[in-house]
**Q** 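I have a structure I would like to understand better, so I am pasting it below and will then ask my questions one at a time.
Each chain gets a letter, A, B and so on, in the order its sequence line appears, and its residues count up from 1. Atom set for the values below is all heavy atoms of this structure, side chains included, hydrogens, waters and symmetry mates excluded.
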Protein chains: 2
Amino acid sequence: MGTPLPRDPIADAQRNWERHGWGDVAAPMAAITAIMRTQQILLARIETVLKPFGLTFARYELLALLSFARSGALPMNKASALLQVHPTSVTNAVDRLEKAALVARSPHPTDGRTTLIELTAEGRTIAKKATAALNSEVFGKSGFGDDDVDHLIRVLGAFRRDAGDFTEE
Amino acid sequence: MGTPLPRDPIADAQRNWERHGWGDVAAPMAAITAIMRTQQILLARIETVLKPFGLTFARYELLALLSFARSGALPMNKASALLQVHPTSVTNAVDRLEKAALVARSPHPTDGRTTLIELTAEGRTIAKKATAALNSEVFGKSGFGDDDVDHLIRVLGAFRRDAGDFTEE
DNA sequence: GCAATATACTAGGACATCCAAGGGTTTGGA
DNA sequence: TCCAAACCCTTGGATGTCCTAGTATATTGC
């Protein structure tokens, strides 16, 4: 946080790994560490853009997901699966979004265990505005070249598939 | 969390973006979302490997950093800068590592504002063992091909530089 | 049909991250 | 010299993530 470092700390770490005889895994270590740090930077940008809307990334993701659902509503367990987060994280996000009147809980018509989450009118409006802001301020200014974007999607997609996120494609 | 999805949720999101007329930023959105999810998967793997050592990734990073320091000690603000996290996060990590007797705080010899963090003998031992475990269980099995690793390092390195992480190189 | 198993959500706890503020130490300009 | 500004660390608060249990509802199998 703060001023730029004179040198890339991850490149330094990679050199340290090599110097200690772990040259065979130094590069993957550096790549993985770079992914962790890049995520941190991107998350900070996203949170900055969402803050004026009273949203965090976790809450925005849920809103965006709901806004694309055919019926406009989803069971919590479905949201948990699609967002790939723990069910309790969804409960947490829904609690806060409900308090902000952006979503509403309703009982599932046939399964008493299930709770449906539904966008309110205001939730839909906020979702649309927040998406527009993210598109113009973050996704539209990622700094990645088109080729790099394609490469990232392909490589990370294969990684996620191998990790068990999904099966097809 | 749990069973694989039948389809890639990020690819679905990308299609939704395109369907709503945001085709110009759909690909970067997908790439960024993939980075977020990949980080989540990698972090989970890392935490699993570190758990037997009583470490989290944040604490491990600090131990590893100290183990490469010439003097074996670093000021907290230096650690904060190199790890690229908020100073309070370092305070938090040091508190817990100190409680586990893996590091020790000591006053800076000439600057009364600064606190030095130093590895204990046990801290050094644990750091070495944890590094070996991560090397064999995570970095050595990343699933990324050599070319992909090089590409990630290069592309994410440029991104981090542009984001202001560091200057040279 | 009823008990055993499985599923869905929530409550409580451990950790991590950041921000805002506060108290102590140094530095630097008037 | 001396006080304001800058710097360093810690505390307290808000969020998010996960895990472990616990409660309620469904489904399955005998």
Side-chain angles (χ1 to χ4, degrees), chain A residues 1-3 36-37 39-48 50-51 53-63 73-100 103 105-117, chain B residues 1-3 36-37 39-48 50-51 53-63 74-100 103-117:
Chain A
M1 327 260 64
T3 44
M36 311 294 278
R37 173 59 186 156
Q39 185 268 352
Q40 192 180 15
I41 294 168
L42 288 168
L43 181 59
R45 288 186 188 176
I46 290 170
E47 299 276 11
T48 298
L50 292 178
K51 189 164 201 132
F53 299 99
L55 292 176
T56 62
F57 187 46
R59 297 178 214 168
Y60 167 75
E61 279 195 295
L62 188 50
L63 284 190
L74 279 178
M76 297 194 56
N77 66 330
K78 199 82 175 177
S80 169
L82 291 172
L83 296 177
Q84 322 242 214
V85 295
H86 199 278
T88 54
S89 296
V90 176
T91 295
N92 185 323
V94 171
D95 283 349
R96 300 173 193 280
L97 286 171
E98 194 172 35
K99 201 166 297 178
V103 306
R105 281 181 166 94
S106 65
H108 190 287
T110 65
D111 189 333
R113 299 168 299 182
T114 301
T115 299
L116 293 176
I117 334 166
Chain B
M1 326 259 47
T3 45
M36 311 293 279
R37 174 59 186 156
Q39 185 267 352
Q40 191 181 16
I41 294 168
L42 288 168
L43 181 59
R45 287 186 188 176
I46 291 171
E47 299 276 12
T48 298
L50 292 178
K51 190 164 201 134
F53 299 99
L55 292 176
T56 62
F57 187 47
R59 296 177 216 168
Y60 167 77
E61 280 195 296
L62 187 50
L63 284 190
L74 279 178
M76 297 196 56
N77 65 331
K78 198 85 175 173
S80 169
L82 291 172
L83 296 177
Q84 322 242 217
V85 294
H86 199 278
T88 55
S89 296
V90 176
T91 296
N92 185 323
V94 172
D95 283 349
R96 299 172 194 281
L97 287 171
E98 194 172 37
K99 202 166 296 179
V103 307
R105 279 181 168 94
S106 66
H108 190 286
T110 65
D111 190 333
R113 297 168 299 181
T114 301
T115 298
L116 293 176
I117 334 166

**Q** Between D:dT17 atom P and A:Glu47 atom CD, what is the distance in whole Å?
**A**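 Between P of D:dT17 and CD of A:Glu47: 10 Å.
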**Q** Tell me: CZ of A:Arg105 to P of D:dA24, nearest whole Å?
**A** 17 Å
**Q** Taking the side chain as every heavy atom from C-beta outward, state whether A:Thr56 and A:Glu47 have any atom pair closer than 4.5 Å.
**A**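 Yes, at least one pair of side-chain atoms sits under 4.5 Å.
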**Q** Mind checking the CZ-CG spacing from B:Arg59 to B:Asp95? Nearest 0.5 Å is all I need.
**A**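 Here the rounded value is 10.5 Å.
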**Q** So, B:Thr48 side chain and B:Ala44 main chain: donor-acceptor pair closer than 3.5 Å or not?
**A** yes
**Q** Whole Å only: how far is the CG atom of A:Leu83 from the P atom of C:dC9?
**A** 13 Å
**Q** Measure across B:Thr91 and B:Arg105 and return the closest heavy-atom pair with its distance rounded to 0.1 Å.
**A** O-NH2, 3.7 Å
**Q** Output yes when a side-chain donor or acceptor of A:Thr115 lies under 3.5 Å from a complementary backbone atom of A:Pro107, and no otherwise.
**A** no
**Q** Heavy atoms under 4.0 Å, any strand shown: does A:Gln40 hit a base, just sugar-phosphate, or nothing?
**A** sugar-phosphate
**Q** Can you tell me how far apart CD1 (A:Ile46) and CD1 (A:Ile41) are? Round to the nearest 0.5 Å.
**A** 12.0 Å
**Q** Measure CG/A:Leu62 against P/D:dT15 and give the value in whole Å, please.
**A**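 Taking atom P of D:dT15 as the reference, CG of A:Leu62 is at 16 Å.
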**Q** Under 4.0 Å, heavy atom to any atom of DNA chain D: which of residues 91-100 of chain A qualify?
**A** A:Asn92, A:Arg96
**Q** Please report the closest heavy-atom contact between B:Ser80 and B:Pro87, naming both atoms and the distance.
**A** OG-N, 3.5 Å
**Q** Does C:dT7 have OP1 or OP2 sitting under 4.0 Å from an N or O in the side chain of A:Asn77?
**A**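 Answer is no, no contact under 4.0 Å.
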**Q** Looking at side-chain heavy atoms only, is the closest gap between A:Leu97 and A:Leu62 below 4.5 Å?
**A**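 Yes - at least one pair of side-chain heavy atoms lies under 4.5 Å apart.
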**Q** Measuring to OP1 and OP2 of C:dA8, would you say a side-chain N or O of A:His108 lies under 4.0 angstrom away?
**A**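 It does not, given that no N or O in the side chain of A:His108 lies less than 4.0 Å from OP1 or OP2 of C:dA8.
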**Q** Side chain of B:Pro87: nearest nucleotide among D:dT10, D:dC18, C:dT10?
**A** D:dT10
**Q** Below 4.5 Å, heavy atoms only, C-beta onward: do B:Val85 and A:Gln40 meet side chain to side chain?
**A**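 The answer is yes; the side chains approach within 4.5 Å.
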**Q** Are OP1 or OP2 of C:dT7 and a side-chain N or O of A:Thr114 less than 4.0 angstrom apart?
**A** no
**Q** Got a second to check how far B:Arg37's CZ is from A:Gln84's CD, nearest 0.5 Å?
**A** 4.0 Å
**Q** What are the residues of residues 53-61 of chain A, sorted by number, that bring a heavy atom to within less than 4.0 Å of DNA chain C?
**A**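 The answer is none.
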**Q** Whole Å only: how far is the NE2 atom of B:His86 from the C1' atom of D:dC8?
**A**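 So the two atoms are 12 Å apart, to the nearest Å.
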**Q** Measure the distance from NZ on A:Lys78 to P on C:dC9 and round it to the nearest whole Å.
**A**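 Rounded to the whole Å, the gap is 12 Å.
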**Q** Should B:Leu55 and B:Leu63 be marked as a side chain to side chain contact (heavy atoms under 4.5 Å, CB included) after you check the CA-CA gap, both sets of side-chain angles, and the distance that decides it?
**A** CA-CA 10 Å; B:Leu55 292 176; B:Leu63 284 190; 3.9 Å; yes
**Q** Using a 4.5 Å cut-off on heavy atoms from C-beta on, say whether the side chain of A:Lys78 contacts that of A:Leu116.
**A** no
**Q** Whole angstrom is fine here: how far is it from CD1 in A:Ile41 over to P in C:dT17?
**A** 15 Å
**Q** For every nucleotide of nucleotides 21-27 of chain C, 5' to 3': is a protein heavy atom under 4.0 Å from its base (B), only from its sugar-phosphate (S), or from neither (-)?
**A** ---BBS-
**Q** Rounded to the nearest angstrom, tell me the gap between atom CG in B:Leu116 and atom C1' in D:dC9.
**A** 13 Å
